[in-house]
Amino acid sequence: MPTTPESHLLKHRAELQSGLLRWYRRNRRPLPWRLDPSVYRTVVSEFMLQQTQVKTVLPYFERWQAKFPDFESLASACEDDVLKQWEGLGYYSRARNLHRLAKAIVAKPVLPDAAKDWRELPGVGPYTAAAITSIAFGKLEACVDGNVVRILARLTADATHHGDGAAAAKYFTPLASLLLSPSSPGDHNQAMMELGATVCHRRDPLCRCCPLAQWCAATKSGSTEDFPKLQPKEIEHRSVTRAWVVKDGALLLHRSSPRARRLANLHELPTATHLEIDEQSLDARDLLARRKRGITRYLITESIYRISLSEQLRLGDSLVWISFGDLQSIALSGPHRRWITEILAMQAADKRNKILPSK
DNA sequence: AAGCCGGGGTC
DNA sequence: GACCCAGGCTT
């Protein structure tokens, strides 16, 4: 019977676990949800960390704790305040799901401690259920995120092609479960993710510093960057035309419906479609800004035009006037917040130049 | 199973 | 510009 990379790992499982845990205790970053852990802080951090890097999350986590320190305060908050705290983090359904989760937790007689119970709650999938229950309750549940996939694919030099990260995570879950340290599953899971984030980089991994290098098939053959094998996404270009409409010191914004697929209950600059404006009729002289940005597999070009208020403009229920003084208190997506700030700064500069013409 | 979420950082 | 990030939800 041939020796597979996987069976080699399992043979040395105990050494691998102790080496990993020893490395983790020496090298883990002092993150706020580790220094002062609780079930609530673990849940909040895991929601924020879905598809978002630690560095990005840190300031949001601290602000969130100051505003919503526990499940009760979050459950009793209004959704507008919750979305406002999430402004700029992206993937806003996470904030709405976390809010709904807090309400569900407060309504329960006891805090659930089993992964299958957490899995029933909104926004909690296989990864998050394993993370919460292993870290906060010591349950034997293996976390399989992008970091763990990368490490396991390299340890085994497994050349299987995966359509996306979710398929790869599913594929590596059995191995992750077999390797999980039974004595400290929470630290083991965090150690794997920490190793992926700080050592087993996608490119130029620091194999000389890796506590698992001696068992890594990809390191042995100098092919770490060949794993995992994930299918690249096809980038699709799209363009959106938006309107800048002002009346009596207020800006016209669109507010997405609570059931919208994206940006539910958030404000944004209205699109030409929202206003039933024919894009062909726009004048290039009214173009205030053109910005590109990406989200998942889309590259979106957004063009913002100054539109004068006229009888022809149709304003549906989803359109609201927000006075410039109130712009700070509503929830916008990160890009929309930036564009509005930039355009206002531009206009203020134009105004100064008219009053004090440059020489 | 595949798309979508329309964010942000990194190299 | 391409790829990734402590993924989950919808269809």
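Chain naming here is simple, since letters A, B, ... match the order of the sequence lines and numbering starts at 1 in each.
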Query raised in the report: Are there more than 12 heavy atoms of other residues, nucleotides or ligands under 6.0 Å from atom CG of A/D278?
Result: yes
Can I get a per-line list of side-chain donor-acceptor pairs under 3.5 Å for residues 338-347 of chain A, giving both atom names and the distance, sequence neighbours left out?
residue	atom	partner	partner atom	Å
A/T341	OG1	A/R337	O	2.8
A/E342	OE1	A/R291	NE	2.9
A/E342	OE1	A/R291	NH2	2.6

Query raised in the report: OP1 or OP2 of B/dC4 less than 4.0 angstrom from a side-chain nitrogen or oxygen of A/K233, does that happen here?
Result: no
Report summary line: Of the listed C/dC3, B/dG7, C/dA6, the closest approach to the A/I295 side chain comes from B/dG7
**Report entry** Whether A/W118 and A/F137 hold their rings parallel, tilted or perpendicular, with breakpoints at 30° and 60°
**Finding:** tilted
Requested in this report: If you link ILVMFWY side chains whenever their heavy atoms are less than 4.5 Å apart, which other residues fall into the same cluster as A/L230? By chain and number, please.
Outcome: none
Report task. Write down the distance between CD (A/E87) and P (B/dG8), rounded to a whole number of angstrom. Result -> 10 Å
Query raised in the report: Does the side chain of A/R297 get closer than 4.0 angstrom to OP1 or OP2 of B/dC4 through an N or O atom?
Result: yes
Requested in this report: Please work out which residues in residues 176-189 of chain A have a non-hydrogen atom less than 4.0 Å from an atom of DNA chain C and list them by number.
Outcome: none
**Report entry** Which residue lies more 5' along DNA chain C, comparing A/M193 with A/L299 via nearest heavy atoms
**Finding:** A/L299
Report task. Would you tell me if any nitrogen or oxygen in the side chain of A/Q51 comes within less than 4.0 Å of OP1 or OP2 on C/dG7? Result -> yes
Report task. Check every strand shown and say whether A/G196 touches a base, only sugar-phosphate, or nothing at a heavy-atom separation below 4.0 Å. Result -> nothing
Report task. Mind checking side chain to side chain contact (heavy atoms under 4.5 Å, CB included) for A/K247 and listing every partner two or more places apart, or none if nothing turns up? Result -> A/L309, A/W321
Query - Any pair counted as ring-ring contact (aromatic ring centres under 6.0 Å, His included), so long as it reaches residues 151-196 of chain A, sequence neighbours left out - result: A/H162-A/Y171, A/H162-A/F172
Query raised in the report: Contact class for A/R100 (heavy atom, under 4.0 Å): base, sugar-phosphate, or nothing?
Result: nothing
**Report entry** A/Y298 side-chain N/O to B/dC4 phosphate OP1/OP2 under 4.0 Å
**Finding:** yes
Report task. For A/V57, answer base if it contacts any base atom (sugar-phosphate contacts may also be present), sugar-phosphate if it contacts only those atoms, and nothing otherwise; contact means non-hydrogen atoms under 4.0 Å. Result -> nothing
Requested in this report: To the nearest Å, give me how far apart CG (A/L263) and P (B/dG7) are.
Outcome: 6 Å
Query raised in the report: DNA chain B: A/Y60 or A/E236, which has the more 5' nearest nucleotide?
Result: A/E236
Requested in this report: Just grab all the ring-ring contact (aromatic ring centres under 6.0 Å, His included) pairs involving residues 276-301 of chain A, residues at least two apart or on different chains.
Outcome: none
Query raised in the report: Reckon A/K292 touches a base, only the sugar-phosphate, or nothing at all at heavy-atom distances under 4.0 Å?
Result: nothing
Query raised in the report: What pairs meet the ring-ring contact (aromatic ring centres under 6.0 Å, His included) rule with one or both residues in residues 217-244 of chain A, with sequence neighbours excluded?
Result: none
Query raised in the report: With a 4.0 Å cut-off on heavy atoms, is A/R28 in touch with a base, just the backbone sugar-phosphate, or nothing at all?
Result: nothing
Report task. Using atom CE of A/M48 as one end and atom C1' of C/dA6 as the other, report the distance to the nearest whole Å. Result -> 13 Å
Report summary line: With the side chain defined as heavy atoms from C-beta on, A/T296 is closest, among B/dC5, C/dC3, C/dA6, to B/dC5
Query raised in the report: When all nucleic acid strands are considered with a 4.0 Å heavy-atom cut-off, which category describes A/V148: base, sugar-phosphate, or nothing?
Result: nothing
Query raised in the report: For A/T52 and A/G163, take the nucleotide of DNA chain B holding the closest heavy atom to each; which residue's nucleotide lies nearer the 5' end?
Result: A/G163
Requested in this report: Scan A/T128 against the nucleic acid and name what it touches under 4.0 Å (heavy atoms): base, sugar-phosphate only, or nothing.
Outcome: sugar-phosphate
Requested in this report: Kindly give the cluster partners of A/L21, where membership spreads through any ILVMFWY side chain lying under 4.5 Å from a current member.
Outcome: none
Query - Hydrophobic cluster of A/I135, others only, ordered by chain and residue number, side-chain cut-off 4.5 Å - result: none
Query - Proximity to the side chain of A/E46 - top-ranked nucleotide from C/dA6, C/dC3, C/dG8 - result: C/dA6
Requested in this report: Mind calculating the distance between CH2 (A/W86) and C1' (C/dG8) to the nearest angstrom?
Outcome: 12 Å
Query raised in the report: Does A/E234 offer a backbone N or O that forms a donor-acceptor pair with the side chain of A/R297 under 3.5 Å?
Result: yes
Pick out the pairs of N or O atoms, protein on one side and nucleotides 9-11 of chain B on the other, that lie under 3.5 Å.
residue	atom	partner	partner atom	Å
B/dT10	OP1	A/K55	NZ	3.0
B/dC11	O2	A/R203	NH2	3.3

Report task. Pick the P atom in C/dA6 and in B/dC11, then give their distance to the nearest Å. Result -> 13 Å
Query raised in the report: So which of residues 329-344 of chain A are in contact with DNA chain B, with a heavy-atom cut-off of under 4.0 Å?
Result: A/S333, A/G334, A/P335, A/R338
Report task. State whether A/K116 and A/E141 are salt-bridged, where the test is any N-O pair (Lys NZ or Arg NE/NH1/NH2 against Asp/Glu carboxylate O) under 4.0 Å. Result -> no
Query raised in the report: How many Å lie between CZ on A/R94 and P on B/dC4, as a whole number?
Result: 19 Å
Report summary line: Separation of C/dA6 atom C1' from A/L49 atom CG, nearest Å, is 5 Å
**Report entry** Salt-bridge present (A/R242, A/E268; N to O < 4.0 Å)
**Finding:** yes
Report task. Could you tell me the separation between the NE2 atom of A/H162 and the C1' atom of C/dC3, rounded to a whole number of Å? Result -> 17 Å
Let me check something: any side-chain donor-acceptor pairs from residues 120-130 of chain A under 3.5 Å, sequence neighbours excluded? List them with distances.
residue	atom	partner	partner atom	Å
A/Y127	OH	A/E46	OE1	2.7
A/T128	OG1	A/Q50	NE2	3.0

Requested in this report: Tell me which nucleotide among C/dG7, B/dC5, B/dG7 gets nearest to the side chain of A/R261.
Outcome: B/dC5
Report summary line: DNA chain C nearest-nucleotide lookup for A/R34 and A/N97: closer to the 5′ end is A/R34
**Report entry** Between P of B/dG7 and CZ of A/F47, the distance in whole Å
**Finding:** 19 Å
